[in-house]
Amino acid sequence: MTPKSNVKQLECIRENYCIGCGVCTTTNNTTIYLDEYGKYSVVMQSNMESEAEKVLQLCPFSSLSENEDTLSKLLFASDSLKYFDSIGYFLNNYIGHVRADEMRLNSSSGGIITWLLKTLLQKGDITQAVHVAPSNTDSLLFEYTFSNDEDSIIAGASSRYYPVELSFVLDYIKKYAGKYAIVALPCFAKGLRLLQQHDKVFKQRIEYLISPICGHLKSKHYASFLAWQKGILPNQLKSINFRKKLEYKRASQYGTEFFFDSKGTEDNTTVENSTFKMGTDWGHGMFKYPACDYCDDVVGELADISVGDAWLQEYIDDYKGNSLIIVRNHYLNRILTESQRQNNLEMKEVSPELVEKSQAGGFRNKRSDLRYRLWLKNKNGEWYPPKRVSAAKTALNRKRRKIIKMRLKINDYSHRLFKDCLKKDDLSLFYDQMTPVLDRYFLLNHGVYRFLKRKLKKFYENRNTNISLWL
Ligand SMILES: Cc1cc2nc3c(=O)[nH]c(=O)nc-3n(C[C@H](O)[C@H](O)[C@H](O)COP(=O)(O)OP(=O)(O)OC[C@H]3O[C@@H](n4cnc5c(N)ncnc54)[C@H](O)[C@@H]3O)c2cc1C
């Protein structure tokens, strides 16, 4: 099962577990490219075992890199932080938002990351913020960018469910001295921490790592699929706001805003996420990087601060959004509490148990469901990167196991079907083949009665159109 050589392990990672972070390009042995499924992946430049070893030591999904427990202990254990199993080390946890309404409304949840980057820059604690913003190239909607002024930080607010990679960012940081804060998903943050262990320059220059809490990352085709469903062809799509806040809805019922080219002029439209036929149910996991199914870090345990959505009953009614904040750095904690006193932030301290509750779905998927996915890998004689949970079948009941299997299938179908749709210029292929799978998934989850009720409702909604009963 374990790959026979480092080169073979790298090949296996490239095929199944590469998240395309780009950290390994710092070894000069790899390059990053966007594959045919719209995901970043790695290419090796040489076949030498010793070179492959260097790459694997920096890879968040390899057997030669330390895991989150070991790395977080090195980073935080001596800093009088507390520990809670699911969220790792923490100093304090909060739920809150920025008081400046405009910043909050343009952000994903409470605007905390944008506010923090802006504050660190203002105070001179960093020289550049490294985060994800609209791209200047035609072929990409978003990419990592360097911001050294407030406007640029604000322009990069909001969550981009879109592939990004760090290779050029790391080239730049290596070349140019500075004090950088990087916003990095948990697996990217792991790659960066591994890099900091191997290369002092990155340890000195990367001052802060900020992690968005993460369910999973989407391929480039996710944005195209949503747009195409609304009649916007992939090549017409110019930008997308995945987290458009809707005044009359709950925080969790956000919309999607499309910016597109319509007969030579720029147009835009916002749609409620519930109106998409498919794709916006995160449980389905369409267009998810397969690597995300083999990640066990929900909150970004290696970051100085992690920020997510406060998915809790008492906050969800406020459409403007609230952030869940896990702080692991004393200085950042001071900035937050001082700003609360100065009325720039509205914040309340919360227990780690409440943090866990707010991310219940994420923990179920990345911890207990993961055990079954690992068991399936064992059963098929396939290698997987070492995880902090063990493979198990009976830890989950039969129904849950079926759900997990169906999710794997939906994910796999989504990548392959959409590639075909692009080739044949026909989106109906996706609907035709995905609908029966989604029907079976719904039946399994909710039973026959709710299934038929839902079908009839759709039938009546669509009876004046030629849309099939089974969509
Ligand atoms: C792929 C992805 C999956 C997520 N999954 C979950 C989840 O399951 N549960 C949950 O609670 N929260 C999740 N989040 C985090 C959540 O969407 C918000 O980012 C978080 O609540 C911070 O909100 P904010 O208002 O403080 O941030 P904002 O003020 O809106 O700032 C967001 C910052 O993140 C940067 N950014 C955007 N996209 C990326 C990216 N792909 N990689 C790195 N940086 C990026 C932006 O440039 C900006 O600086 C996810 C985010 C992403 C990008």
Side-chain angles (χ1 to χ4, degrees), residues 19-22 40 87 94-98 100 102-121 129-135 141-147 152-166 169 181-189 192 209-220 222-223 240-245 251-252 254 282-283 285 287-289 292 295 297-300 303 305-312 315-316 320-326 336 345 347 355-366:
I19 195 67
C21 63
Y40 280 115
I87 65 170
Y94 305 98
I95 289 182
H97 57 260
V98 294
E102 202 184 334
M103 184 177 286
R104 188 179 176 196
L105 287 171
N106 286 328
S107 72
S108 287
S109 55
I112 295 294
I113 296 186
T114 300
W115 171 86
L116 182 61
L117 292 175
K118 185 181 109 135
T119 305
L120 289 171
L121 193 69
V130 184
H131 60 144
V132 175
S135 165
L141 299 184
F142 302 102
E143 63 189 343
Y144 263 104
T145 194
F146 289 87
S147 290
S152 168
I153 287 175
I154 289 168
S158 199
S159 294
R160 315 303 189 181
Y161 305 132
Y162 197 85
V164 287
E165 58 93 7
L166 284 162
V169 164
I182 307 185
V183 185
L185 294 175
C187 50
F188 283 52
L192 290 169
L209 282 186
I210 302 171
S211 263
I213 289 174
C214 185
H216 62 257
L217 180 59
K218 301 283 191 189
S219 76
K220 184 183 174 192
Y222 176 64
I240 183 167
N241 177 358
F242 294 100
R243 297 284 302 251
K244 177 79 176 176
K245 294 179 182 182
S252 53
Y254 47 82
W282 279 66
F287 303 99
K288 169 181 14 181
Y289 271 66
C292 302
C295 163
D297 182 3
V298 177
V299 298
I305 180 168
S306 304
V307 189
D309 291 279
W311 294 139
L312 292 164
Y315 294 98
I316 220 156
K320 291 181 182 174
N322 275 286
S323 298
L324 177 73
I325 309 161
I326 304 168
L336 287 167
L345 297 181
M347 235 173 42
V355 172
E356 188 179 68
K357 188 175 167 198
S358 126
Q359 300 298 323
F363 287 115
R364 187 168 53 241
N365 181 44
K366 290 193 174 190

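Every number for a ligand or one of its atoms is a count from 1 in the order of the listing. Nothing here was measured: the structure is a model prediction, and the numbers come from that model.
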Give the residue and atom name of whichever protein heavy atom lies nearest to [atom], and the separation in Å to one decimal.
atom: atom 22 (C) of ligand 1; value: S109 OG, 3.6 Å
atom: atom 41 (N) of ligand 1; value: R160 O, 3.1 Å
atom: atom 52 (C) of ligand 1; value: Y161 CE2, 3.6 Å
atom: atom 13 (C) of ligand 1; value: I213 O, 2.7 Å
atom: atom 40 (C) of ligand 1; value: V132 CG2, 3.7 Å
atom: atom 29 (O) of ligand 1; value: T114 OG1, 2.6 Å
atom: atom 46 (C) of ligand 1; value: G156 O, 2.9 Å
atom: atom 8 (O) of ligand 1; value: G215 N, 2.9 Å

Checklist entry - Hey, what's the ring geometry for W311 with Y254, parallel, tilted or perpendicular (30° and 60° as the breaks)? => result parallel
How does [X] reach ligand 1, by side chain, by backbone, by both or by neither, if only non-hydrogen atoms under 4.0 Å count?
X: H216; value: backbone
X: Q359; value: side chain
X: S323; value: side chain
X: N106; value: neither

Checklist entry - Between W282 and H216, is the gap from one ring center to the other below 6.0 Å? => result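 Yes, the ring centres sit under 6.0 Å apart.
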Checklist entry - For ligand 1, which atoms have a heavy atom of C214 less than 4.0 angstrom away? => result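 Numbered from 1, ligand 1 contributes 3 (C), 4 (C), 5 (N), 6 (C), 8 (O).
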Item to check | Contacting atoms of ligand 1, where contact means under 4.0 angstrom from a heavy atom of G110 | outcome: 25 (O)
Item to check | Heteroatom proximity flag, Y162 to ligand 1, N/O under 3.5 Å | outcome: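 In this structure, Y162 places no N or O atom under 3.5 Å from an N or O of ligand 1.
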Identity of the nearest option to [atom], non-hydrogen atoms only, from [options]:
atom: atom 43 (C) of ligand 1; options: Y144, F142, F242, Y222; result: Y144
atom: atom 12 (N) of ligand 1; options: I210, V307, D309, V355; result: D309
atom: atom 25 (O) of ligand 1; options: G111, G96, G300; result: G111

Next on the checklist: When you measure from the heavy atoms of L117 to every atom of ligand 1, does any distance fall below 4.0 Å?
Outcome noted: yes
Item to check | Side chains of V98 and K118 in contact at under 4.5 Å (non-hydrogen atoms) | outcome: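 A side-chain contact under 4.5 Å is absent here.
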Checklist entry - Do V183 and F188 have side-chain heavy atoms sitting under 4.5 Å apart? => result no
